[in-house]
Structures are given as C-alpha cells and as structure tokens.
Amino acid sequence: MNYTLLDFLALLGSVGLFLYGMKVMSEGLQKAAGDRLRNILSAMTRNRFTGTLTGFAITALIQSSSASTVMVVSFVNAGLMTLAQSMAVIFGANVGTTFTAWIIALFGFKVDTSLFILPLIACSVPLLFSKKSRTKSIGEFLIGFSFLFMGLDMISDYVPDLQSNPEMFAFLERYASMGFTSVLLFLLVGIIVTAVIQSSAATFAIVLIMCTKGWISFDLACAVVLGSNIGTTITPLLASMSGNVAAKRKAMGHLLFNALGIIWTLCVFYPFVNLNVWITEALGQGNPETLFTYVNTLEDTQPDIYNQLFAGSLPAGHEVLAKIAMMQFSVSFGLSMFHTVFNLINLSIMIWLTGMYVKIVEKLIPAKHKEDEEFQLKFISAGLLSASELNIAQAEKEMTVYAQRVQRMIDMAENLVHSKEKSEEFSQLFSRLEKYEEISDRMEIEIANYLNRCAEGRLSNEGKLHIAAMLNIVSEIESIADCCFGCAKILIRKQESGVDFTELIYKNIDTMFGYLKEAMTDMIELLSDVEKVREVAIIRSYNKEREINNLRNQLRTNNVENINNKVYEYQSGIYYMDIINDLEKMGDYIINVVDTIRDHFRKHVA
C-alpha cells in the first residue's frame, strides 16, 4: 500500500496531538499550581546553582524548554532578574528538557500505551466537571498527559514504512553514508525540524521512531538530537524581538550556550557517541548501535523475514520481533543518555563561565542608548506572552513601576505650586507634568491590554480574580495621575485670574502634600510585595487616610473663617480649596488601591 496524502496528514495530526497534549498538560499544571510556580521562580535570583535547579525543575514540570525560556525572556525584559541570573536558569532548562526524552524512552516503546491512556482519560474527565478550580486543572493535566502519549503512539503508526516507500529509503541511504558530512546534514535537519515544530521533545520522539525502524544509524540520530538543541532556541529568539535589549541579550545567550556546546561535541563526535554507547551497555541496556546493523543484515541474509517484519506479518513472539524490541529500547535509552550526558557536561563547563557569557552577549548586542538599559513599560507586548498564569508576576512588576512614575508626578505638582507664575520654571514643570500624564494614560492602556490578553488565556479562577484586581488597581493609579495634572490646571486658572496665595495657604497645602506623599509611599510598599501583605502597613495606610480626611475637613472649616475675617481674598480661597479637594481625592484613590490589595490578598496577609 502506497503512502498517501491522507497518511501524511495523519502523521501531522499525530505530531499535533503530541504537541497539544504537551500544551494542555503544561497549562493544567500552571493553573493547578500557578502561585507555587511563581514562588519557585523567585528562587532563581539567589545564585547560579539555585537558578540552574529552578530551570531544570520548571522545564521538567511543564515539559517544554521553549515555554520556560520564553518565560525567562519575559522576566528579564521586565527587570525581574538580571541577565546573569537568567543564564543559570537557561542552563538548567537545557538539562530539564531531557526529562521528556527519558519519559519517551522508558515508557514510549516499552509499555503498550493503550493499556493506560484510555483508563487515565476515563478517570480524568470527571475531574473536568468539578466545581473546584484546582481539581479541574489536575484533570486537564492528566488529559494532556494522555494526549501526549496517544500522539506519540500514533506518530509511530503513521511514520511512513520503508517497504512501501523505497524512494524514501534511497533518499536516506544516499545522505546517510557520507561520513562526517552526513553528521552535519542531520544536525541541520534537527535544527530545521525543531525550529518548525517548536518542540525539541517532538523532534526527539520522531527521530527515535526513525532510528528504531532502521532508517538512520545511531550516530546520525545523535546528530539530529544535537541539532534540536539549536532549533529550540528559535522560540525565545522570536519572543525577544519585541522586547528590550536585555531580553534580546538573554535569547542570544541561550543560542550561544547551545551553539558552543555543539561545537565542542562535534570536535569529539564519534568518541562522544562511543562513550554513550559504552555507558548504555555498562548499565545493562544493550548496544544501541546494533539495531541499524541488524536490520540491514537481516535484509541481506533473510530477505523473507525482513519483508515480513516491515509488512507487519511476523507472528507475535517471533524471535526476530523479540530481538528488535530489545534493540529498540536500547536505542531509545542510548539517545536519552546521549542527550542527558551532552547537557550535563555542557552545564558543568558553562556554569562557571556565566560572567563571560554576559560580557560576550553585551558585546554582540550593545545598547544603542543609555536609557535602553533601563526597564521602561514597553517591555510587555504580545510577542512575550507565553504562559498566562506565570506572566501575572510580570504585570505586577509593571504595576509597581507605574505607581512609582505617578509618585514622581506628585512631587512635580508640589513644586509647581511653589513655582513663580509665568516663569520659565513654571512652564517647564507644567509641560513635564502634562507629558507624564500622557505617559500615564498610555501605561494604563498598555498594562490593561496586556492583562486582558492574559485573561484570554487558560487561567485558574484565582488567576482571573488576580487580573480583575490588578485592572482595578491600574485604573486607580491612573486616577491619581489625573488628579496631579488636575492640580496643575487649577494653578493655570489661578494664574490667569491674577490671584495670589498667602504663606498660610502655602503652608497648609504643603502639609496636605506631606500626608499624601507618605500615603503614596505606603501604597507602593504594599504594591511591591503583594504576595506577602503586611497588616501593619495596611493599618498605617488607613490611619494616613483618616489624617488626610480630617485635615481636609479642618482646612475647609478654617477657610470659611479666614475669608470672613479677610485673611485672604474669596477667590484665593476657592482655588486653595480646589487644590485641597484634589489632593484629598488622591488619598481616596490611594486607599482604594490598598483596599483592593487587602481584599484580594487577604490569604497572604502577614
């Protein structure tokens, strides 16, 4: 039977099912333990060793080095970690991606997956209808796990058979016997295939099947696995394109790490392959190089058996089938060992050269302007959105930066009050405050859009509530910025009316600004560590809000008396009270943020 277009589409569908299973499993895990994963990510800032372990753990859990490295690109871009810290995480992610290879090697061929896939789905589906968000997420994780192995099993079924495709055999034969040139060609194949399907794990599964069917020899399969290490860097490179210079450097560092590792491996390729063959044999798993030789020998010595083997007509329990099965496991074990040993040796060498990597990538990707080194808002964009549940931490960082920028607007408004009217200083301060207000509007829109894109992803109920609270906080911060500019516009009207303030008015306005700035500082302190809200900080914020309200009420009463007693003009009192009321509104918006933090993060209050 010829290999038809329908069979090819079925193969693509099998690969798609494999990748979809990996995606659902990853997202289910993120939703079931999103908070825990965010806490784990904080450990990566300690030192290179904890960073490496974190990278390994995250990649092993979510079964995708691409997802974990794109996530790290986002965090570097957001300023959550330095370039040096991110490199340690990438080192660990490269070792963590071998975890998938071991799952495939130990279970993908050794166990009849149909024995547990359907029963596992049967047990998982009821969990999807649970009212508890975490239980539902665990169900999704198990469904994804089942789809992953179902896809792997179907890939094996739909990979074209050599007996029915002699032209493919001739194609592979022609390029598989060119010595070291074949190694380089199959290295390129690994790069291209992984870059296209965006998953080194899927490439590993395909090459494992190709090798065990006798298409390519063990050493060429190792070359494809090597190439997949470069191909998997394409995803973070694409993600970094819309990021800042730090994100681009991190992605380049990932590419450099794998490229240098492959260069030294190619220099000692055949001895390195032999080392892994020896390790596999020493562990009692057989010689992974013998399968290709055995299949080809079988074709020459026993062509009838060979034809029956690939036609699938050999009876169960046949000695040739038994021998093929043992050799298949040996090959899968050997390839997993090759992938793991390569990454472990690469890690043991490169982890001591983190500083050198940072210097090299800084030379390769220099900052065009000094401000490129600073983390501005524009670092969150669609290109960096990969793991919705985990990207919430990035948005939290943006929110704090937003609040700090608005805090500077309060200082500008206070300085504007004391600036000499119609002076150059007044004009410059007003223009600067107006510019900051426009920036504030853009920041609100960008952060809100980013959070909305996160909300469109697969989030837990806790994650959705988290985003709703953050949207509310962003809106309140923008209102504070509006009040700052509102204060400036009051001063413009005062200037146009030719009204002057007395020393008493200036003193009272300064007192209100002092209370307001203290309240803003307390709010930012709470905002910068929302995962561990301190009760004492909340109480302090409420006390400050009461002081602001009491001062406003006192000044309002005194203002009426001062106008009646001719201490200052009536119109001066009007503009004075407009400013006081504007500042009191800022206090209201600040306490609204504190309320949201208190209500949403009540379980985290310390």
Side-chain angles (χ1 to χ4, degrees), residues 371 374 376-377 401-444 476-524 544-545 547-549 551-556 558-563 565-590:
E371 55 268 21
E374 299 175 1
Q376 305 297 329
L377 170 68
V401 173
Y402 186 23
Q404 289 169 342
R405 183 162 290 170
V406 171
Q407 185 181 36
R408 291 200 289 271
M409 292 180 68
I410 297 176
D411 291 329
M412 292 179 208
E414 184 179 21
N415 291 334
L416 192 66
V417 170
H418 292 280
S419 296
K420 188 176 180 181
E421 295 177 354
K422 298 182 181 179
S423 66
E424 185 177 350
E425 180 190 6
F426 185 93
S427 299
Q428 289 177 347
L429 270 174
F430 182 85
S431 297
R432 191 179 176 204
L433 198 54
E434 185 176 32
K435 180 181 178 181
Y436 261 71
E437 205 276 332
E438 292 172 359
I439 293 173
S440 170
D441 290 342
R442 290 201 303 270
M443 289 180 78
E444 182 199 17
E476 297 293 343
I477 293 174
E478 197 277 332
S479 296
I480 297 172
D482 286 344
C483 283
C484 288
F485 189 57
C487 180
K489 289 191 286 187
I490 292 170
L491 292 170
I492 288 290
R493 294 200 304 272
K494 165 185 168 292
Q495 177 179 288
E496 291 172 349
S497 300
V499 174
D500 293 323
F501 282 165
T502 64
E503 288 298 322
L504 176 63
I505 291 177
Y506 280 122
K507 180 182 176 182
N508 292 337
I509 290 176
D510 286 344
T511 302
M512 180 64 88
F513 265 113
Y515 286 172
L516 186 67
K517 288 193 289 185
E518 289 176 10
M520 190 71 178
T521 300
D522 290 341
M523 185 200 82
I524 291 174
K544 192 60 62 178
E545 164 65 6
E547 288 179 1
I548 291 173
N549 288 338
L551 179 62
R552 188 272 315 269
N553 293 337
Q554 179 187 338
L555 294 179
R556 182 183 289 171
N558 292 343
N559 180 59
V560 175
E561 295 177 358
N562 289 334
I563 291 175
N565 295 331
K566 308 294 184 180
V567 175
Y568 45 75
E569 295 179 1
Y570 173 80
Q571 203 167 3
S572 296
I574 293 296
Y575 291 122
Y576 163 43
M577 275 298 105
D578 284 346
I579 292 175
I580 293 298
N581 289 331
D582 192 71
L583 297 181
E584 192 275 332
K585 280 184 185 178
M586 288 193 219
D588 291 341
Y589 295 131
I590 289 172

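Just so you know, these numbers come straight off a predicted model, no measurement behind them. The figures that follow rest on heavy atoms only: side chains count, while hydrogens, waters and symmetry mates do not.
- You'll find the side chain of Asp411 stays beyond 4.5 Å of the side chain of Phe513, heavy atoms only.
- Electrostatic pairing of Lys494 and Asp500 does not count as a salt bridge here, judged by no charged N lying under 4.0 Å from a carboxylate O.
- Here the side chains of Glu561 and Asn558 are in contact, with some heavy-atom distance below 4.5 Å.
- Between the side chain of Tyr402 and the main chain of Ser440, a donor-acceptor pair closer than 3.5 Å is present.
- Contact of the Gln407 side chain with the Thr521 side chain is registered, since non-hydrogen atoms from C-beta on lie closer than 4.5 Å.
- Between Arg552 atom CZ and Ile580 atom CD1 the span is 10.0 Å, to the nearest 0.5 Å.
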Legend entry - Criterion side chain to side chain donor-acceptor pair (under 3.5 Å) on Gln428 and Ser423, from CA distance to verdict: CA-CA 9 Å; Gln428 289 177 347; Ser423 66; over 6 Å; no
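- With rounding to the nearest 0.5 angstrom, the OG1 atom of Thr511 is 11.0 Å from the CG atom of Leu583.
- Separation of atoms CD (Gln404) and CE (Met520) is listed at 9.0 Å; rounding is to 0.5 Å.
- Residue Leu416 holds its CG atom at 6.5 Å from CG of Leu433, rounded to the nearest 0.5 Å.
- With contacts defined as side-chain heavy-atom distances shorter than 4.5 Å, the pair Arg405/Met443 qualifies.
- Side chains of Phe430 and Leu491 form no contact here, defined as non-hydrogen atoms less than 4.5 Å apart.
- Heavy atoms only, all atoms of each residue included: Glu414 and Lys517 are closest at OE1-NZ, 2.7 Å.
- Between Leu516 and Gly587, the closest heavy-atom pair is CD1-N, 3.6 Å.
- Interatomic distance, CZ of Phe426 versus CG of Leu429, reported as 8.5 Å (0.5 Å rounding).
- For the atom pair Ile563 CD1 and Gln571 CD, the distance stands at 10.5 Å (nearest 0.5 Å).
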Legend entry - Evaluation steps, side-chain contact (heavy atoms from CB on, under 4.5 Å), between Met577 and Arg556: CA-CA 7 Å; Met577 275 298 105; Arg556 182 183 289 171; 4.1 Å; yes
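- Residues Gly573 and Tyr568 share a closest heavy-atom pair of CA-CE1, 3.8 Å.
- Side-chain N or O atoms of Asp582 include none that pairs as donor or acceptor with a backbone N or O of Asp578 at under 3.5 Å.
- In this model, a donor atom of one side chain and an acceptor atom of the other lie less than 3.5 Å apart for Asn549 and Glu545.
- A salt bridge does not link Lys435 to Glu438: none of the charged nitrogens lies less than 4.0 Å from a carboxylate oxygen.
- Within the 4.5 Å cutoff, the side chain of Ile505 has heavy atoms near those of the Thr502 side chain.
- Heavy atoms of other residues, nucleotides or ligands lying less than 6.0 angstrom from OH of Tyr570 number 12 at most.
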Inset, instruction - Show the numbers, then the answer: is there a side-chain contact (heavy atoms from CB on, under 4.5 Å) between Ile509 and Phe501? - result: CA-CA 10 Å; Ile509 290 176; Phe501 282 165; 3.9 Å; yes
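- Contact annotation: the side chain of Asp522 never approaches that of Ile590 to less than 4.5 Å [non-hydrogen atoms, C-beta and beyond].
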Considering only distance and modelled atom types, tabulate donor-acceptor pairs under 3.5 Å from the side chains of residues 478-490, sequence neighbours left out.
{"residue": "Ser479", "atom": "OG", "partner": "Ser475", "partner atom": "O", "Å": "3.2"}

